[in-house]
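Taking it in order: structure first as structure tokens, then the write-up.
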Amino acid sequence: MEQFLGIDYASWWFMIIGAVFTGYAILDGFDLGAGALHLFFNKEESRRIALNAIGPVWDGNEVWLVIGGGALFAGFPKVYAAVFSAFYVPFMLFLTVLIFRAISIEFRSKEPMLWWRKMWDVAYCLSSSAIAFLLGVVLGNILLGIPVDRDGNFTGDLLYFLNPYALMVGITTLALFMMHGAIYLVMKTEDRLYAKLTIMVRDTTIFFSISVLLLSFYTLLYVPHLTNNIRQNPWMFLIPVIMVFNIAHITRQVAKRKYLLAFISSCITVSLLLIIVAIELYPNMLISTLDPAYSITVHNGSSSSKSLGIMLTVAAIGVPLVVAYTTFVFWTFKGKVKLDETSY
Amino acid sequence: MEVEILARVQFAFTIAFHYIYPPLSIGLGLVMVAMEGLYLKTGNVLYEKMTRFYTRIFALIFGIGVATGIVMEFEFGTNWATYSRYVGDVFGSALAAEGIFAFALESGFLGVLLFGWNKVSPRVHFFSTVMVTLGSMFSAIWIVVANSWQQTPAGYHIVGTGLNARAEITDFWAMVFNPSSVDRVIHVWIGSFLAGAFLVLSISAYYILKGKFQDFARASFKIALVLATVSGLAQLFAGHRSADIVAKYQPAKLAALEGHFDSLGTGDMYLVGYIDKKAQKTHGIRIPGGLSFLTHGDFKAPIRGLRSFKPDDRPKALNVTFQSYHIMIACGMAMIALTLYACWLWYKRKLFDKRWLLLLFAWAVILPQVANQAGWYAAETGRQPWVVYGLLRTSDALSKSVTANQVIFSLVLFSLVYTLLFILFIYLLNKKIKHGPYSTGDIDHSPRHKTMAGEFEGI
């Protein structure tokens, strides 16, 4: 396989997909988290402000999922085909809640009736939580490995994906996004809602810290194959250590009311978690629990060098553009939320 | 029922529903670019009012388009795993380019288009409107390129055999510019312009009939009428070119479109008709030799008929292909007739005098929708039994691990969700239309831009 800077194309593309999903987790993570917290706000005005804090950007954030899915399809069609057909039911539920979330955001403000707004508030909160949770469940199963045969076809039963490890990853993902969303909202609000959110930032950080701790213990004790890479390269222990300090840094910045810095730390936490996931998996992308020889790896599951080369060019041109106008949009809507006639 | 049928029904249902919205976004986007451009040029607030009103309708349409579009991307993997493995190397790069170049562009700037009225200057706002429209047009390019590659594969070679066979890309630009892609992209674009223009025509005609917002409605009607007339006429040529490509590269599809069975007879063109599959005959009102003339410029030229293909290689749902193709053409012709007549009246300065014509325009919003849907049905059912023409059969493309029960479950789920979605869409669209444009008093002009208040805490 052809190489660029000493790394083969397939591994580059593995990193790019990792980067896109990290971008997705950072960006959609905060608006999903804000959605999961939605029902904790009691007043109509608070809910509107919280919703409008993510209003102009949630759609753009969701695009990263589309790009990630497309990049996986393009770079690793075997992985894409195996994962999506194996997790048929969770993905169908995921799509349903994704649709419900989009319409609850769009439709909530279109009628003034109390029951209408409450109904969409509940739909928005539940669907946001469910998306975060289901993403975690799928990630957990990928980390654990699933029974796929020689041709990459899933052989497990319908409820296979509901195992304790995957559920724990699901809860941790939800907790992470709630913390991330709370910190985002605190930057966008004022007065009493702001005061309330500062308490929520504290609570969600505790929730996340506990769940990530439990998950780490569980991984070390029961899923030893995930720690191989780190054991062989001891310097990689630095990454979890940096992450612990980084979480501590979030609480410190929150205590000092420097929320932008806290938000940056929270973004770094999301990235580090996904970097750990990538390190634990590499070079596997989908581990077969039937026979390690059936596992789909970065090398036996990738598209041809030619195709990867084309897409690396596409990414090299496209990604800086995407980052540029994402920055422009966030810059346009910086600062505290002010409701006006275009608001939700 | 078989998994294959169920999976096909599910795909057809979800794509048909999805395909209501993106063409409307593209067309409406273009109308909004025209309106806001006029506002910037003339400074007339009427145009600003128009842009703002249609932006709200655009938001509704765009939201549903995004939500139902993600379903499509996932379905390739969930229901068509073998297909995904087969085409991933080729198809994937088009899909990835769509995400990065097009979708990110439109969704990013959408935020500014919808919520940025008081945050950015009018010029930057106009720029955002243009970017959203361009983004949605780019989206159409990549999706249609990918679909066209399935119709007329190019720039690839096959690696492996049997179950492990897959297409690998050899020439990116040959894949992008495969024989049918350029003509089909243009055909789809124009269909989208018609969808958007007729929506504006319909809403405006409704207001004029009700005697509401007269200035607003008349001016919008004229802008949309120009776009609709030009697009309708251009579609005659674009459609013809698409059919030429079919004649050249997909002879079995061409034969199915016109119900032409004779192995080497002259091809007739039908205005209306139906196919008697058993007797292998087509009945109806026809122009003898019409198909031969349109394809070869000669009424006597022979056209390859369905009988010359192995029974396994013929499209199965002949009547669906035939009827949807003819419905598309009929709707197209109706649109051209309506717009040309309206332009004639405009020239005579009697555009808004005939109530019956306005009533027709109010309902004509259905026409481009039916034409777009029917056109896709003809293109896709005509390609059968292949999912990648001549290379991969639809029956081989399924996910091996997915059972019929799972597909029934998801099909029921989507039917319920989409029904609800459609009811809500119509309800809200109707409500927005009834409400009409906001009067200038409703619009808050105060913080136009450059308020530095509200920086992040702590820095």
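Reminder, nothing fancy here: chain letters follow the sequence lines and each chain counts from 1. Just so it is clear, the structure is predicted and the values come from calculations on it, not from any experiment.
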Heavy-atom contact with chain B under 4.5 Å, split by part of A:Val148
neither
Proximal component of B:Phe62, with respect to chain A [non-hydrogen, under 4.5 Å]
side chain
Note: A:Asp31-A:Arg101 ion pair, threshold 4.0 Å (strictly below)
yes
Can you confirm whether A:Tyr325 is buried at OH, in the sense that more than 12 heavy atoms of other residues, nucleotides or ligands lie under 6.0 Å from that atom?
yes
Please determine, among B:Leu95, B:Ile70, B:Ile64, the option with the most heavy-atom pairs under 4.5 Å with chain A.
B:Ile70
Does any heavy atom of chain B fall under 4.5 Å from the side chain of A:Ala81, the backbone, both, or neither of them?
both
Would you say that A:Phe73 contacts B:Ser84 through its side chain, given a criterion of any heavy-atom pair below 4.5 Å between the two side chains?
yes
Do the non-hydrogen side-chain atoms of B:Val120 and B:Phe115 ever get within less than 4.5 Å of each other?
no
Under 4.5 Å from a heavy atom of chain A, the part of B:Ile169 involved:
both
Portion of B:Val112 that has a non-hydrogen atom of chain A nearer than 4.5 angstrom:
both
Are the side chains of A:Pro147 and A:Ser288 in contact, using a 4.5 Å heavy-atom criterion?
no
Please tell me if the side chains of A:Ile103 and B:Phe425 come closer than 4.5 Å, counting only heavy atoms from C-beta onward.
no
Sort A:Val314 into side chain, backbone, both or neither according to what part of it lies under 4.5 angstrom from a heavy atom of chain B.
both
Do B:Leu60 and B:Tyr21 come within less than 4.5 Å of each other through their side chains, counting heavy atoms only?
no
Under a 4.5 Å cutoff for heavy-atom pairs, which residue among B:Asn405, B:Val417, B:Val402 has the most contacts with chain A?
B:Val402
Modelled atom types, side-chain donor and acceptor of B:Glu168 and A:Ser307, under 3.5 Å:
no
Would you mind checking which part of B:Val71 comes under 4.5 Å of any heavy atom in chain A, side chain (CB onward), backbone (N, CA, C, O), both or neither?
both
So, the part of B:Leu110 with a heavy atom under 4.5 Å from chain A: the answer is side chain
Chain A heavy atoms under 4.5 Å from B:Val407: which part of the residue, side chain, backbone, both or neither?
both
Is chain A contacted by the side chain of B:Thr170, its backbone, both, or neither, given a heavy-atom distance below 4.5 Å?
backbone
Interface moiety of B:Leu105 toward chain A, non-hydrogen atoms closer than 4.5 Å:
both
Pick one of side chain, backbone, both or neither for B:Tyr156, based on which atoms fall under 4.5 Å of a heavy atom in chain A.
neither
Could you look at B:Phe409 and say if it's the side chain, the backbone, both or neither that has a heavy atom under 4.5 Å from chain A?
side chain
With a 4.5 Å cut-off on heavy-atom pairs, point out which of B:Phe74, B:Phe101, B:Phe103, B:Phe172 contacts chain A the most.
B:Phe74
For the candidates A:Trp58, A:Phe263, A:Phe107, A:Phe328, which exhibits the highest count of non-hydrogen atom pairs separated by less than 4.5 Å from chain B?
A:Phe107
Which one of B:Gly77, B:Gly111, B:Ser107 has the most heavy-atom pairs closer than 4.5 Å to chain A?
B:Gly77
Top contributor to chain A contacts, counting heavy-atom pairs under 4.5 Å, from B:Arg166, B:Met175, B:Glu98:
B:Arg166
Minimum side-chain heavy-atom gap B:Gln150-B:Tyr83 below 4.5 Å
yes
Mind jotting down which residue pairs meet the salt bridge (Lys or Arg N to Asp or Glu O under 4.0 Å) criterion with at least one end in residues 62-85 of chain B? Sequence neighbours excluded, please.
none
Using atom types as modelled, flag every donor-acceptor pair under 3.5 Å from a side chain in residues 87-99 of chain A to any protein atom, sequence neighbours excluded.
residue, atom, partner, partner atom, Å
A:Tyr88, OH, B:Asn79, OD1, 3.3
A:Tyr88, OH, B:Asn79, ND2, 3.2
A:Tyr88, OH, B:Ser410, OG, 2.7
A:Thr96, OG1, A:Met92, O, 2.7

Using the six-membered ring of A:Trp116, assess whether NZ or CZ of A:Arg108 lies under 6.0 Å from its centre and within 45 degrees of the ring axis.
no
Tell me, for A:Phe100 versus chain B, whether the close heavy atoms (under 4.5 Å) come from the side chain, the backbone, both or neither.
side chain
